[in-house]
**Student:** 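One structure follows; several queries about it will come next.
Side chains included, hydrogens not; waters and symmetry mates left out as well; all remaining heavy atoms used. Here, residue 1 is the first one in the sequence, and each next residue gets the next number.
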Amino acid sequence: MSTGIQNLNTFDPFTDAIRADEQGGQDKLIHIRIQQRNGRKTLTTVQGISNDYDKKKIVKACKKEFACSGTVVEHPEYGEVIQMQGDQRNNICQFLTKVGIAKGEQLKVHGF
């Protein structure tokens, strides 16, 4: 009888992104994550936006729309990632669908 403990498996939040990249296809997922900083501070990251779009302009529009700080950082594995200050997951989803960058089924929201 096997008594392996199932819940000790490590959880990698980027496995879905890696699987989507391997599958390819035109409906690539855009992953929106939240990361905890120190105290109550949070950081929202957006990964998977096509290189056809200028991410700096997207950040500029989001900063103006949501009244928060943001930047584009270069991640060694995932390419250019948009970082926004605070919990902007719902705002980013609405903004990307409103502008027409992504459809609702392309967005995958991660976090607590």
**Student:** Does Leu29 belong to the same Ile/Leu/Val/Met/Phe/Trp/Tyr cluster as Leu107, with side-chain heavy atoms less than 4.5 Å apart forming each link?
**Tutor:** no
**Student:** For a quick test of reading the model, state the closest non-hydrogen atom pair linking Lys103 to Thr97 and the distance between them.
**Tutor:** C-CG2, 4.1 Å
**Student:** Between Glu65 and Lys98, is there a side-chain N and carboxylate O pair less than 4.0 Å apart?
**Tutor:** yes
**Student:** Counting only N and O atoms by type, is there a donor-acceptor contact under 3.5 Å from the side chain of Thr44 to the main-chain atoms of Gly86?
**Tutor:** yes
**Student:** With the 4.5 Å side-chain cut-off for hydrophobic clustering, are Phe66 and Leu96 part of the same group?
**Tutor:** yes
**Student:** Under the criterion side-chain contact (heavy atoms from CB on, under 4.5 Å), I'd like the reasoning laid out for His75 against Gln47: C-alpha separation, chi angles, the key distance, then a yes or no.
**Tutor:** CA-CA 10 Å; His75 192 279; Gln47 176 245 326; over 6 Å; no
**Student:** Of all the heavy-atom pairs spanning Ile30 and Ala102, show the shortest one and how long it is.
**Tutor:**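 Nearest heavy atoms, Ile30 then Ala102: CD1-CB, 3.5 Å.
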**Student:** Please report the interatomic distance NE2(His110) to CD1(Ile32), rounded to the nearest 0.5 Å.
**Tutor:** 8.5 Å
**Student:** Considering residues at least two apart in sequence or located in another chain, which fulfil the side-chain contact (heavy atoms from CB on, under 4.5 Å) criterion with Val99?
**Tutor:**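 If we apply the side-chain contact (heavy atoms from CB on, under 4.5 Å) test to Val99, skipping adjacent residues, the hits are Phe95, Ile101.
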**Student:** Measure the shortest side-chain to side-chain distance between Val81 and Val46 over non-hydrogen atoms and say whether it is less than 4.5 angstrom.
**Tutor:** no
**Student:** In Å and rounded to the nearest 0.5 Å, what is the NZ to OG distance from Lys63 to Ser69?
**Tutor:**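 One finds 5.5 Å between NZ of Lys63 and OG of Ser69.
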**Student:** Any link between Val109 and Tyr78 through a network of hydrophobic side chains (Ile, Leu, Val, Met, Phe, Trp, Tyr) touching at under 4.5 Å?
**Tutor:**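 As far as the 4.5 Å side-chain criterion goes, Tyr78 and Val109 are not connected within one cluster.
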**Student:** Is there a donor-acceptor contact under 3.5 Å linking the side chains of Gln88 and Asn91?
**Tutor:** yes
**Student:** Once salt bridge (charged side-chain N to carboxylate O under 4.0 Å, His left out) is applied, what residue pairs with a partner in residues 40-56 remain, sequence neighbours excluded?
**Tutor:**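 Those involving residues 40-56 are Lys55-Glu80.
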**Student:** Give the intermediate values and the outcome of side-chain contact (heavy atoms from CB on, under 4.5 Å) for residues Ile82 and Ile49.
**Tutor:** CA-CA 9 Å; Ile82 295 176; Ile49 294 180; 3.8 Å; yes
**Student:** To the nearest 0.5 angstrom, please state how far the CG atom of Leu43 sits from the CE atom of Met84.
**Tutor:** 10.0 Å
**Student:** Can you measure from CG (Asp87) to CD1 (Ile34) and round to the nearest 0.5 angstrom?
**Tutor:**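 So the gap between those two atoms works out to 3.5 Å.
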